[in-house]
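Following: one structure in structure tokens, then a few remarks.
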Amino acid sequence: IPPFINRDLLAAAGSQRRLGMIVDVSCDTTNPNNPIPVYSVNTTFEKPTVRVDGVDNLEVISIDHLPTLLPRESSEAFSHDLLPSLLQLPLIQGDDGPDALAHDHAEGEGAVWARAEKLFRHHLAEAEKNGA
């Protein structure tokens, strides 16, 4: 994926840049596909921000466990997003055989689990092909 922001984009904004803080919840500093490649360290609760080197008035928050700042809110949001998928489990659990998810399931009626199964089997086959 292309970066959301990088040093070239920051430089192009010049004096028109209003961005003063980036909060990166991915904290992917070592990933070559880092979508925010303007910093290289994770921050901590004790030192929650880091200045972006060579860029005036720009700081980053990159606490790699940022949701723990708001545990109740993050748990509720995660549960809210996950619950609809979990509620679809009974719709596919009665199917028989190892290919129970091979037939079509409509959205909201187990399709998410069929996609997950397909993705799992794809990556399993790749791993087995590579000697795992």
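In this chain, numbering begins with 1 at the start of the sequence shown. Keep in mind the model is a prediction, meaning the values are calculated, not measured. Computation of the quantities below employed the complete heavy-atom set of this structure, encompassing side-chain atoms and omitting hydrogens, waters and symmetry-equivalent molecules.
Side-chain N or O atoms of Asp28 include none that pairs as donor or acceptor with a backbone N or O of Asn31 at under 3.5 Å. Checked by atom type and distance alone, the side chain of Arg51 never pairs as donor or acceptor with a backbone atom of Leu58 at under 3.5 Å. Between the side chain of Trp113 and the backbone N or O of Leu86 there is no donor-acceptor pair closer than 3.5 Å.
Under 3.5 Å, the side chains of Asp53 and Tyr39 contain no donor-acceptor pair of N or O atoms.
Among all heavy-atom pairs drawn from Thr49 and Glu59, the shortest one is OG1-OE1, 2.7 Å. Nearest heavy atom pair, residue Val38 against residue Arg7, reads O-NH2, 3.1 Å.
Hydrophobic clustering (side-chain heavy atoms under 4.5 Å, transitive across Ile, Leu, Val, Met, Phe, Trp, Tyr) groups Val50 together with Ile22. Placement of Val41 and Val23 in two distinct hydrophobic clusters is found when ILVMFWY residues are connected by side-chain heavy-atom separations under 4.5 Å, directly or transitively. Linking Ile, Leu, Val, Met, Phe, Trp and Tyr whenever their side-chain heavy atoms come within less than 4.5 Å puts Val112 and Leu82 in one cluster. Note on Ile36 and Val25: separate hydrophobic clusters, where clusters join Ile, Leu, Val, Met, Phe, Trp and Tyr whose side-chain heavy atoms are under 4.5 Å apart, directly or indirectly. Note on Ile61: it does not cluster hydrophobically with Phe4, by side-chain heavy-atom contacts below 4.5 Å among ILVMFWY residues.
Residues Pro35 and Pro3 fail the side-chain proximity criterion, which asks for heavy atoms closer than 4.5 Å. Side-chain contact check for Thr43 versus Val60: every heavy-atom pair is 4.5 Å or farther apart.
Taking CG of Leu19 as the reference point, atom CD1 of Ile5 lies at 6.0 Å (rounded to 0.5 Å). Atom CG of Leu124 is separated from atom CD of Glu117 by 9.5 Å, given to the nearest 0.5 angstrom. A distance of 10.0 Å separates CG in Leu83 from CD in Gln88, rounded to the nearest 0.5 Å.
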Apply the test side-chain contact (heavy atoms from CB on, under 4.5 Å) to residues Ile63 and Asn42: give CA-CA distance (whole Å), side-chain angles for both, the deciding distance (0.1 Å), then the verdict.
-> CA-CA 6 Å; Ile63 300 172; Asn42 288 338; over 6 Å; no
Show your working on salt bridge (Lys or Arg N to Asp or Glu O under 4.0 Å) between Arg115 and Glu107 and close with a plain yes or no.
-> CA-CA 10 Å; Arg115 289 192 304 274; Glu107 286 302 320; 2.6 Å; yes
